[in-house]
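Throughout, numbering of the chain's residues begins at 1 and tracks the sequence.
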Amino acid sequence: QVQLVESGGGSVQSGGSLRLSCAASGYTYSTYSMGWFRQAPGKEREGIAAIDSDGSTSYTDSVKGRFTISRDNAKNTLYLQMNSLQPEDTATYYCARARQPARRWTLRGAPAPRDFTDWGQGTQVTVSS
């Protein structure tokens, strides 16, 4: 049974930082690319960062230079370090795994939700101005 559980969200002031975690279980974690996504009220789910099995990363333009995706394969955990947070970053953040293993998903740029599955329950990030 594949399970992804996000944590680390909260409320922060503009310019602040948060680190999100995603604990994975039920599959060979190290084999799959992983992604972070977010969805703001009334908006479509947006792919913001992805990381491949080899550590390659990709980001959507709006978070480049501010967010960093990483993974700890020994702990089956995915991370998203978010710095310089702004009100427009307010959203529910989700992690997900790629639908197919052993692929370099980051070559496609920002991850597309359609290419990922087994979504976690999400963690809320609220940034106040």
K.L.:
Considering residues at least two apart in sequence or located in another chain, which fulfil the side-chain hydrogen bond (donor to acceptor under 3.5 Å, both in side chains) criterion with S11?
P.N.:
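S11 satisfies side-chain hydrogen bond (donor to acceptor under 3.5 Å, both in side chains) with no residue once adjacent residues are dropped.
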
K.L.:
In the hydrophobic clustering that connects Ile, Leu, Val, Met, Phe, Trp and Tyr at side-chain heavy-atom distances below 4.5 Å, which members other than Y79 occupy its cluster, ordered by chain and number?
P.N.:
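Y79 shares its hydrophobic cluster with no other residue.
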
K.L.:
Can you run down the side-chain hydrogen bond (donor to acceptor under 3.5 Å, both in side chains) pairs that involve residues 65-77, sequence neighbours left out, and say none if there aren't any?
P.N.:
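Residue pairs with at least one partner in residues 65-77: R66-D89, R71-N73.
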
K.L.:
For S58, is there any backbone N or O sitting under 3.5 Å from a side-chain donor or acceptor partner on W105?
P.N.:
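Here the side-chain-to-backbone pair does not exist.
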
K.L.:
Does anything in residues 15-26 pair up under side-chain hydrogen bond (donor to acceptor under 3.5 Å, both in side chains), and if so which pairs, sequence neighbours excluded?
P.N.:
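As it turns out, the side-chain hydrogen bond (donor to acceptor under 3.5 Å, both in side chains) pairs with a partner in residues 15-26, which skip direct neighbours, are S17-N83.
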
K.L.:
Which pairs with one or both residues in residues 18-56 pass disulfide (SG to SG under 2.5 Å), sequence neighbours excluded?
P.N.:
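Non-adjacent pairs meeting disulfide (SG to SG under 2.5 Å): C22-C95.
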
K.L.:
Locate the shortest heavy-atom distance separating W119 from P113; write the atom from each residue and the value.
P.N.:
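Scanning both residues completely, I find the closest heavy atoms to be CZ2-O, 3.5 Å.
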
K.L.:
Please report the closest heavy-atom contact between F37 and A112, naming both atoms and the distance.
P.N.:
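Closest approach of F37 to A112: CE2-C, 4.0 Å.
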
K.L.:
Minimum heavy-atom separation for T31 to P101, with atom names?
P.N.:
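Looking at all heavy atoms of both residues, the closest pair is CG2-CB, 3.5 Å.
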
K.L.:
Kindly write out the residues that satisfy side-chain contact (heavy atoms from CB on, under 4.5 Å) with E88, not counting sequence neighbours, or none if the list is empty.
P.N.:
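Counting only residues at least two positions away or on another chain, E88 forms a side-chain contact (heavy atoms from CB on, under 4.5 Å) with Q86.
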
K.L.:
Looking only at heavy atoms, which two atoms of G35 and F116 are closest? And how far apart?
P.N.:
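Looking at all heavy atoms of both residues, the closest pair is N-CE2, 3.6 Å.
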
K.L.:
Identify the heavy atoms of P87 and S14 that sit nearest to each other, and give their distance.
P.N.:
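Nearest pair, atom of P87 first, then S14: CD-OG, 3.4 Å.
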
K.L.:
Got a donor-acceptor contact below 3.5 angstrom from the Q39 side chain to the A91 backbone?
P.N.:
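The answer is no, because no donor-acceptor pair under 3.5 Å joins these two groups.
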
K.L.:
Using side-chain hydrogen bond (donor to acceptor under 3.5 Å, both in side chains) as the criterion, list what pairs up with T106, not counting sequence neighbours.
P.N.:
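D52.
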
K.L.:
If you group Ile, Leu, Val, Met, Phe, Trp and Tyr whenever their side-chain heavy atoms sit less than 4.5 Å apart, what else falls in with L20?
P.N.:
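Traced through the cluster, L20 reaches V2, L4, V12, L18, Y27, Y29, Y32, M34, W36, I48, I51, Y59, V63, F67, I69, L78, L80, M82, L85, Y93, V125, V127.
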
K.L.:
By salt bridge (charged side-chain N to carboxylate O under 4.0 Å, His left out), which residues pair with R99, not counting sequence neighbours?
P.N.:
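Scan of R99 (salt bridge (charged side-chain N to carboxylate O under 4.0 Å, His left out), adjacent residues dropped) gives none.
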
K.L.:
Using the test side-chain hydrogen bond (donor to acceptor under 3.5 Å, both in side chains), find all partners of D118 that sit at least two apart in sequence or belong to another chain.
P.N.:
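Testing D118 for side-chain hydrogen bond (donor to acceptor under 3.5 Å, both in side chains), a comparison that skips the adjacent residues, returns R97.
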
K.L.:
Which residues pass the side-chain contact (heavy atoms from CB on, under 4.5 Å) test with A23, sequence neighbours left out?
P.N.:
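For A23, no residue satisfies side-chain contact (heavy atoms from CB on, under 4.5 Å) once neighbours in sequence are set aside.
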
K.L.:
What disulfide (SG to SG under 2.5 Å) pairs are there with at least one residue in residues 98-129, not counting sequence neighbours?
P.N.:
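Qualifying pairs, neighbours excluded: none.
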
